[in-house]
Amino acid sequence: MRISVVGCGYLGAVHAACMAELGHDVVGIDVDEHKVAELSAGRPPFFEPGLPEVLARGVASGRLRFTSDMAEAAGARVHFVAVGTPQTAGSHAADLRYVDAAVTGLLPHLGDGDLVVGKSTVPVGTAARLADLVRDSSPADLAWNPEFLREGFAVADTLSPDRFVYGVRPGPEGDRATGLLDEVYATPLTSGMPRIVTDYATAELVKVSANAFLATKISFINAMAEIAEATGADVTQLADAIGHDARIGRRFLNAGLGFGGGCLPKDIRAFQARADELGLDSLAFLADVDAVNLRRRQRVVDLAGELVGTVEGAQVAVLGVAFKPDSDDVRDSPALDVARSLHEQGALVTVFDPEATETARRVAPELRYAADVDEALTGADVVLVLTEWAQFRALDPASVAGLVRGRRIVDGRNVLDASTWRAAGFEFRGLGRP
Ligand code: UGA
């Protein structure tokens, strides 16, 4: 099938490449000429394991191309909209200008029977509004098909997601839209992937409520970490113990520096803003989810201060600035936030991250960036592990001791074994652990 994908950021570039991998003929469209040039050469403009291979295969096969010309969407039957919905400056609401521009830009190029498919995360009510626009101004229809991919696992999550959700119009038009999406996803559907066909509002809500639930789960365990810190309990053992209850589950119960990235923080804020617009208090608790999450960052800054006495003039080695491992994304990164706060308080912060140095340098040029772990550790008064890259989990206390000036370490992700580090002479602090 011929497919267009409008927006070639994280979501769109992965989606376009994966649709070509499924055998479709795909054109990816983006206003950013540099991004288009990189993708056309088979180079992803961000770090994502597995994407370079899929992208290169698609481009080499001739089934995948990229352009900045919206007119090239003409002739495709399904048009995915995968542009960003960032937080609006000065408010918590989602900024819909890119989604609106993408749909409006597509209108003149839509043919009879085409389907516009929204993938972006939007406030409930957006799809119905855009569906009316598409129907009134073109011969096409619209469906909403939210995306659940995780950075670091984006290719696998796109090719074999946990479920497909289609939000469609009721009646025969919706059946037609469902048929087209089934054709697009024929390969994963044959392996028994669950598929939920529903209305627009439910489809939009599935996405934001999934992210709100995940954020709540993380903040729940981080709230337990605060209680553990006040009582001498160990939150990691607590998580293991409650996680054995299948109704609770152990995944996403890792206490630490909390959630960041381009999705969870802005999505819970936009969801609350939408509930406010609807005159509902139902999501008031998400303000606490957000607050617990942000308090963990301050906690790490405080722990570093406690260990060195005064932060001003202290040499701080920050290991990890990406918002999570296997990513070069520093959007709303808890690690970068901590590094910047310490810098603002007069610490001499040296950062090392295996992949996110360049993205971090662009937004935080005031920090020092080391070329490798050893350089970051050399002469440090305190070491902060803020993103749980495999390389940091495997750090050897004896070698670290040989490089630092002071044997002090904060494990912001609860991935190091406290007793091993203490045995090597380190003052060790975790989050929610004695
Ligand atoms: C998240 C969702 O997991 C995806 O399902 C969703 O599609 C995506 O947002 C999106 O809306 O596009 P992602 O932002 O890639 O995916 O990251 P996650 O793996 O969810 O991690 C989010 C943050 O939570 C990270 O900073 C991570 O370090 C933190 N986290 C995660 C914890 O602090 N503890 C945990 O137990 C798990």
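Every number for a ligand or one of its atoms is a count from 1 in the order of the listing.
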Would you check whether Gly258 reaches within less than 4.0 Å of ligand 1, judged by its heavy atoms?
yes
Short N or O distance, Asn211 and ligand 1, threshold 3.5 Å exclusive
yes
Is the count of non-hydrogen atoms from other residues, nucleotides or ligands lying under 6.0 Å from Phe213 atom CZ greater than 12?
no
among protein heavy atoms, the one nearest atom 6 (C) of ligand 1 is Leu149 O, 3.3 Å
Do the ring planes of Phe164 and Tyr185 sit parallel (below 30°), tilted (30 to 60°) or perpendicular (above 60°)?
parallel
I need the nearest protein heavy-atom contact for atom 5 (O) of ligand 1: residue, atom name and distance, please.
Phe148 O, 3.0 Å
Report, in ascending order of atom number, the atoms of ligand 1 lying under 4.0 Å from any heavy atom of Leu253.
36 (O)
Going by the salt bridge (charged side-chain N to carboxylate O under 4.0 Å, His left out) test, which pairs reach into residues 244-258, not counting sequence neighbours?
Asp240-Arg250, Asp245-Arg247
Protein contact of atom 26 (O) of ligand 1 - nearest heavy atom, named by residue and atom, plus distance:
Phe323 O, 2.9 Å
Lys207 heavy atoms, cut-off 4.0 Å: which ligand 1 atoms fall inside?
6 (C), 7 (O), 10 (C), 11 (O), 12 (O)
If you compare Ile221, Asn254, Leu264, Asp332 by their heavy atoms, the one closest to atom 1 (C) of ligand 1 turns out to be Leu264
Any idea which protein heavy atom is nearest atom 20 (O) of ligand 1, and the distance to it?
Phe252 CZ, 3.3 Å
Please list the nearest protein heavy atom to atom 31 (C) of ligand 1 with its residue and the distance rounded to 0.1 Å.
Ile218 CD1, 3.5 Å
Using a 4.5 Å cut-off on heavy atoms from C-beta on, say whether the side chain of Asn414 contacts that of Val235.
yes
Quick look: Glu147 vs ligand 1, heavy-atom contacts under 4.0 Å, and the answer is backbone
What do you reckon, is CG of Asp372 surrounded by more than 12 foreign heavy atoms closer than 6.0 Å?
yes
How far is atom 9 (O) of ligand 1 from its nearest protein heavy atom, and which residue and atom is that?
Cys263 CB, 3.3 Å
Judging by distance only, is a nitrogen or oxygen of Leu214 under 3.5 angstrom from one on ligand 1?
no
Numbering the atoms of ligand 1 from 1, which are under 4.0 Å from a heavy atom of Phe259?
23 (C), 24 (O), 26 (O), 29 (C)
Determine all donor-acceptor pairs shorter than 3.5 Å in which one atom belongs to a side chain in residues 84-93; sequence neighbours excluded.
residue : atom : partner : partner atom : Å
Thr85   : OG1  : Thr121  : O            : 2.7
Thr85   : OG1  : Lys266  : NZ           : 3.4
Gln87   : OE1  : Arg269  : NH1          : 3.3
Gln87   : NE2  : Ser91   : O            : 3.3
Thr88   : OG1  : Ala93   : O            : 2.9
Thr88   : OG1  : Asp95   : N            : 3.3
Ser91   : OG   : Ala93   : N            : 2.9

When you measure from atom 18 (P) of ligand 1 to each heavy atom in Arg413, Lys324, Glu388, which option holds the nearest one?
Lys324
Given Lys324, Arg297, Arg299, Glu388, the one that forms side-chain contact (heavy atoms from CB on, under 4.5 Å) with Leu257
Arg297
Ignoring hydrogens and angles, state whether a donor on the side chain of Thr202 or Asp199 is under 3.5 Å from an acceptor on the partner side chain.
yes
Any side-chain heavy-atom pair from Ile221 and Asn254 closer than 4.5 angstrom?
no
Using 30° and 60° as the class boundaries, would you call the ring planes of Phe80 and His15 parallel, tilted or perpendicular?
perpendicular
Considering non-hydrogen atoms of the protein only, which is the closest contact for atom 15 (O) of ligand 1, and what is the distance?
Glu151 N, 2.7 Å
Can a salt bridge be assigned to the pair Arg195 and Asp182 using a cut-off of 4.0 Å between side-chain N and carboxylate O?
yes
Quick one: does Lys217 get within less than 4.0 Å of ligand 1, heavy atoms only?
no
